[in-house]
Amino acid sequence: MKREETRRFVWVDWLILFALLLGGVAVALRVRHSLRSAEATQPIVYTLAFSADAELSWESLVTVGATVTTANGTATLGEIAAVEERTLRTPLVRDGRVVFVEIPDRMQLVVTVKANAVVREGDGLRVGDIRIAADGVGDFRIGSYLAEGARVLSVQKEV
Amino acid sequence: MEERGTRRGSILDLFLVVLLLLAILGAVLRWERQSRESDLPLEQYRLTLETVELARESADCLAVGDTLYTESGEKIGEVVSLERLPAQVTVSSLGAYYRGEWSLSERCILRFDVAVSGRMRDGVLLYLGRTPMAIGTPQQLFSERVRLQARVVETMPISEKK
């Protein structure tokens, strides 16, 4: 009987220790987050490009002034400053030569986004802890449209 | 019965001791080789890399003088020269393959040189004396504004570069 009590005590000890460790990790993450939030930011302008259905009414889905977030909406990645429609071309063989022809019913939407980024040496430009680098690919919610596999076309620091 | 159990235990113990000794010997030999190599001075090399094709706007985000880092933030070196090459496309049609080129104003390949510190071992450049940069090694590099998926195409001591 006495031995059983001792064993239960040890088990409870481990449980408390584990809970304390979890608490410690949570506090450390919170402190790290608040320290990072306090870092100086730099205004940037970046462009996002994605292939889109030309039939959809993009003027109502992707509007200037709307916000850009991560796909799940957990981080805000800036505000839309401009929207541009471009033709999408694909290589095809015609008369034994490679030619680039327009893809019917598809287009490329290029969205200019203004944001404030944290600049850290070796860590690039980060908005909402997401690295924004040209040629990077990700899922973004642009206005009220979810652009899967959108590509960052260019990144500029605003002077 | 008890005696046999004891003897088996002893053989197992001996086996573990031998394994442990071998592991220690391996670690000592590795440490000895590393310390011998780290005594050699690092030299300056020019590492030439070529990216996969990318949009012209993205290519414009890299400039001479930019510092390149690995994904984990380790500094590689500074871009010392940079050129844009046309991006090739291969299209198959009726069993034949045709080759074309994107216009440079749309898509291109970046070929750039980075000044790095390292040393050669068995014909392979060891960046900072430890990370191998063999020809053909794919690298994911970052400058402040652009991500580059590139391959090492040439390594050369800076004094030998024409």
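The figures that follow rest on heavy atoms only: side chains count, while hydrogens, waters and symmetry mates do not. In what follows, every chain begins at residue 1, and chains take the letters A, B, ... in the order their sequences are listed.
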Cut-off 3.5 Å, no hydrogens considered: what does the side-chain donor-acceptor table look like for residues 85-99 of chain B, sequence neighbours left out?
| residue | atom | partner | partner atom | Å |
| --- | --- | --- | --- | --- |
| B/Gln88 | NE2 | B/Glu101 | OE2 | 3.3 |

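Not a single donor-acceptor pair under 3.5 Å links the side chain of A/Thr63 to the backbone N or O of A/Ser60. One N or O on the side chain of A/Asp139 and one on the backbone of A/Gly149 form a donor-acceptor pair closer than 3.5 Å.
Contact residues of residues 15-24 of chain B toward chain A are absent (heavy-atom distance under 4.5 Å).
Only the side chain of A/Arg131 comes within less than 4.5 Å of a heavy atom in chain B; its backbone stays farther off. Contacts of A/Asp123 with chain B are absent, with no heavy-atom separation under 4.5 Å from either backbone or side chain. With a 4.5 Å cut-off on non-hydrogen atoms, A/Val152 touches chain B through its backbone but not through its side chain. The contact between A/Arg86 and chain B is made entirely by side chain atoms (from C-beta outward), counting heavy-atom distances below 4.5 Å.
Under the 4.0 Å criterion applied to side-chain N and carboxylate O atoms, B/Arg84 and B/Asp60 are assigned as salt-bridge partners. Ion pair B/Arg151/B/Glu50 not flagged as a salt bridge, since none of the NZ, NE, NH1 or NH2 atoms sits closer than 4.0 Å to an Asp/Glu carboxylate oxygen. Using a 4.0 Å cut-off between charged side-chain N and carboxylate O, A/Glu158 and A/Lys114 make a salt bridge.
Residues A/Tyr145 and A/Phe140 place their aromatic rings such that the two centres sit no closer than 6.0 Å.
Looking only at heavy-atom pairs under 4.5 Å with chain A, the residue among B/Gln149, B/Arg56, B/Arg147, B/Glu106 that has the most is B/Arg147. Ranked by heavy-atom pairs shorter than 4.5 Å toward chain B, the options A/Ala134, A/Gly96, A/Gly124, A/Ala49 are led by A/Ala134. Among the candidates B/Ser58, B/Gly100, B/Cys61, the residue making the largest number of heavy-atom pairs closer than 4.5 Å to chain A is B/Ser58.
Heavy-atom neighbours of A/Glu121 CD from other residues, nucleotides or ligands within 6.0 Å: at or below the threshold of 12.
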Derivation of the side-chain contact (heavy atoms from CB on, under 4.5 Å) call for B/Asp113 and B/Leu47: CA-CA 5 Å; B/Asp113 289 335; B/Leu47 190 67; over 6 Å; no
